[in-house]
Student: 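One structure is given below, represented as structure tokens, and several questions about it will come after.
Throughout, protein chains are lettered first and strands after them, A, B, ... in sequence-line order, and every chain is numbered starting at 1. Being a predicted model, the structure only gives us computed values, none of them experimental.
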Amino acid sequence: MPELPEVESVRRQLAPVLAGRRIERVEALAQRRFDALERVAGHTVQGVDRRGKYLLATLDGGLELVMHLGMTGSFRVRGADGWHPDAYVRASFHLAARRAGDVGDVVDFRDVRRFGRLSVVAAGEYSGIATLAGLGPEPLSDDFDPDAFAAALARTRMPVKPYLLTQRPVAGVGNIYADEALWRARINPHTRAVGRPRAHRLWRAIREVLAESIAREGTTFRDYQMVNGQSGRNADFLVAYGQGGRPCPRCAVPLRKVVLGGRGTTYCTVCQRR
DNA sequence: CTAACTACCTGAACGC
DNA sequence: TGCGTTCAGGTAGTTA
């Protein structure tokens, strides 16, 4: 489901729920993608940050809870916004009460397809999470440098779109925003040699499409929802992703949908020439 | 080390 | 209605 704008929207709602709270215990299914979750018990969340599509909760005692929503993951607070657990809750975090006498909240992790990941690691120790360890720069920070990005695109021999999806040249771009940014930058997704001028256009387009979507709290098609259960509002603004057959907003030629690197890919054959 | 495949899960939508 | 096929916003493991 979620790419950077969706994960950032979740982070903004999850951080105030978890920050400063002690996690008393976790109930979790024994799942391949859950690791050392029991270690969070008794630790207090100091803050919730984000890198790319990963949510990172810093805990006291030098621990860190790494969370990835996969395709269908979401967090909900039990009893809030009409949420009651269903058959797809895979883990539940029981938080200590804020004050003596209060009832502690329960944060549920719901994940239909079970591609989500929850791991407890020593703070900053990402060697067991290869994609996070090799993650590219944050696209909306000063660490995302246009010349370094151009150099990375020049180095690879992969087509540009699958390369973006590896998370190595830049963090947080998935299938939706790759199609949107390539359309905006007028770059064909199959291109293997992106020169400096086009790389700079793509650099800008990535920052624009992500920032615009964050402002609308992300793109909802089906599963993605925020901690309050609401949808993002960006779906109505997509011009490429999911728009195959519809006229290109720039040149009116029908957009083409193909499979590239195993992922559905939509682009304009006229204004995104090879 | 890179790049190409395949595997992991489940449900919704679609074709017959 | 029922059944089989395809697709889905993402990695992670294996192979060449």
Side-chain angles (χ1 to χ4, degrees), chain A residues 1-10 29-35 50-55 66-75 86-91 109-119 126-136 151-183 189-193 206 209-210 213-214 216-226 231-245 257-266:
Chain A
M1 133 182 79
E3 306 179 33
L4 187 150
E6 293 73 42
V7 177
E8 175 60 20
S9 300
V10 169
L29 268 54
Q31 284 191 196
R32 167 192 281 91
R33 292 172 174 84
F34 291 170
D35 187 40
R50 180 191 55 72
R51 273 286 280 133
K53 306 175 195 175
Y54 291 86
L55 291 165
V66 178
M67 299 167 276
H68 194 294
L69 301 174
M71 294 279 261
T72 56
S74 62
F75 287 98
D86 63 12
Y88 304 111
V89 171
R90 312 302 188 189
F109 179 64
R110 180 177 191 269
D111 184 14
V112 172
R113 288 179 70 181
R114 302 203 257 192
F115 288 169
R117 174 164 194 162
L118 301 174
S119 301
Y126 302 144
S127 59
I129 307 171
T131 302
L132 179 56
L135 201 60
L153 293 183
R155 225 176 291 127
T156 186
R157 283 170 301 167
M158 293 176 75
V160 59
K161 181 183 171 184
Y163 184 51
L164 290 175
L165 298 186
T166 67
Q167 308 301 299
R168 294 181 334 239
V170 61
V173 175
N175 209 29
I176 294 177
Y177 301 106
D179 278 6
E180 292 298 305
L182 288 165
W183 180 87
H190 301 85
T191 304
R192 290 175 192 267
I206 287 169
V209 298
L210 295 178
S213 184
I214 289 171
R216 300 181 186 119
E217 300 178 293
T219 301
T220 297
F221 277 101
R222 39 168 94 59
D223 304 293
Y224 161 64
Q225 56 178 9
M226 289 177 279
S231 293
R233 302 180 302 281
N234 194 60
D236 294 341
F237 296 86
L238 299 179
V239 294
Y241 179 85
Q243 309 300 307
K257 181 170 180 188
V258 298
V259 175
L260 173 57
R263 315 298 303 280
T265 297
T266 306

Student: Enter the distance from A:T265:OG1 to A:L165:CG here, rounded to the nearest 0.5 Å.
Tutor: 7.5 Å
Student: Please tell me which of the listed nucleotides, C:dC7, B:dG11, C:dG10, lies nearest to the side chain of A:H68?
Tutor: C:dG10
Student: Could you tell me how far apart A:R33 (CZ) and C:dA12 (P) are, to the nearest whole angstrom?
Tutor: 8 Å
Student: Within the structure provided, determine whether A:Q243 and A:Y241 are in side-chain contact (heavy-atom separation under 4.5 Å).
Tutor: no
Student: Mind calculating the distance between CD (A:E8) and C1' (C:dG9) to the nearest angstrom?
Tutor: 17 Å
Student: Provide the Watson-Crick or G-U wobble partner of B:dC9, both distances under 3.5 Å; none if there is no partner.
Tutor: none
Student: If you find the nucleotide of DNA chain B closest to A:R192 and the one closest to A:V112, which residue's nucleotide is nearer the 5' end?
Tutor: A:R192
Student: A:I129 CD1 to C:dA12 P: how many Å, rounded?
Tutor: 8 Å
Student: Do you know the tightest heavy-atom contact between A:T131 and A:T166?
Tutor: CG2-O, 4.4 Å
Student: Indicate yes or no for a side-chain donor-acceptor contact from A:E217 to the backbone of A:S9 under 3.5 Å, with no hydrogens or angles considered.
Tutor: no
Student: Expressed in angstrom and rounded to an integer, what is the separation of A:R32 atom CZ from C:dA12 atom P?
Tutor: 13 Å
Student: Across the strands shown, which category fits A:Y177 at heavy-atom distances under 4.0 angstrom: base, sugar-phosphate, nothing?
Tutor: nothing
Student: Ignoring hydrogens and angles, tell me if any N or O in the side chain of A:E3 forms a donor-acceptor pair with the backbone of A:K53 under 3.5 Å.
Tutor: no
Student: Rounding to an integer number of Å, can you tell me how far A:R263 CZ sits from B:dT6 C1'?
Tutor: 14 Å
Student: Is there a donor-acceptor contact under 3.5 Å from the side chain of A:T72 to the main chain of A:R113?
Tutor: yes
Student: Would you say A:S74 and A:D223 make side-chain contact, with heavy atoms under 4.5 Å?
Tutor: no
Student: Look through every strand shown and name the nucleotide pairing with C:dG9 as Watson-Crick or G-U wobble, where both distances are under 3.5 Å.
Tutor: none
Student: Is the phosphate of C:dT6, meaning OP1 or OP2, less than 4.0 Å from a side-chain N or O of A:K257?
Tutor: no
Student: For C:dA8, does either OP1 or OP2 sit under 4.0 Å from a side-chain N or O belonging to A:Y224?
Tutor: no
Student: Roughly how many Å is it from CD in A:Q31 to P in B:dC9, rounded to a whole number?
Tutor: 8 Å
Student: Under the 3.5 Å rule, do the base of B:dC8 and the side chain of A:R113 count as making a donor-acceptor pair?
Tutor: no
Student: Is A:D35 salt-bridged to A:R117, going by a charged N under 4.0 Å from an acidic O?
Tutor: no
Student: Using atom P in both nucleotides, what's the gap between B:dG11 and C:dT11 to the nearest angstrom?
Tutor: 22 Å
Student: Rounded to whole Å, how long is the line connecting atom CG of A:L29 with atom C1' of B:dT10?
Tutor: 14 Å
Student: In whole angstrom, give me the gap between the P atoms of C:dT6 and B:dT6.
Tutor: 15 Å
Student: Could you check whether A:R117 gets within reach of a base, just the sugar-phosphate, or nothing at all, counting any heavy atom under 4.0 Å?
Tutor: sugar-phosphate
Student: Contacts to DNA chain C from residues 152-173 of chain A, heavy-atom cutoff under 4.0 Å, which residues?
Tutor: A:Q167
Student: Considering only heavy atoms and no angle criterion, is a donor-acceptor pair shorter than 3.5 Å present between the side chain of A:R222 and the base of C:dG9?
Tutor: yes
Student: Check for me: is A:F115 stacked on C:dG10 by the 5.5 Å centroid and 30° plane-angle rule?
Tutor: yes
Student: Atom CZ of A:F109 and atom C1' of B:dC9: how far apart are they, to the nearest Å?
Tutor: 13 Å
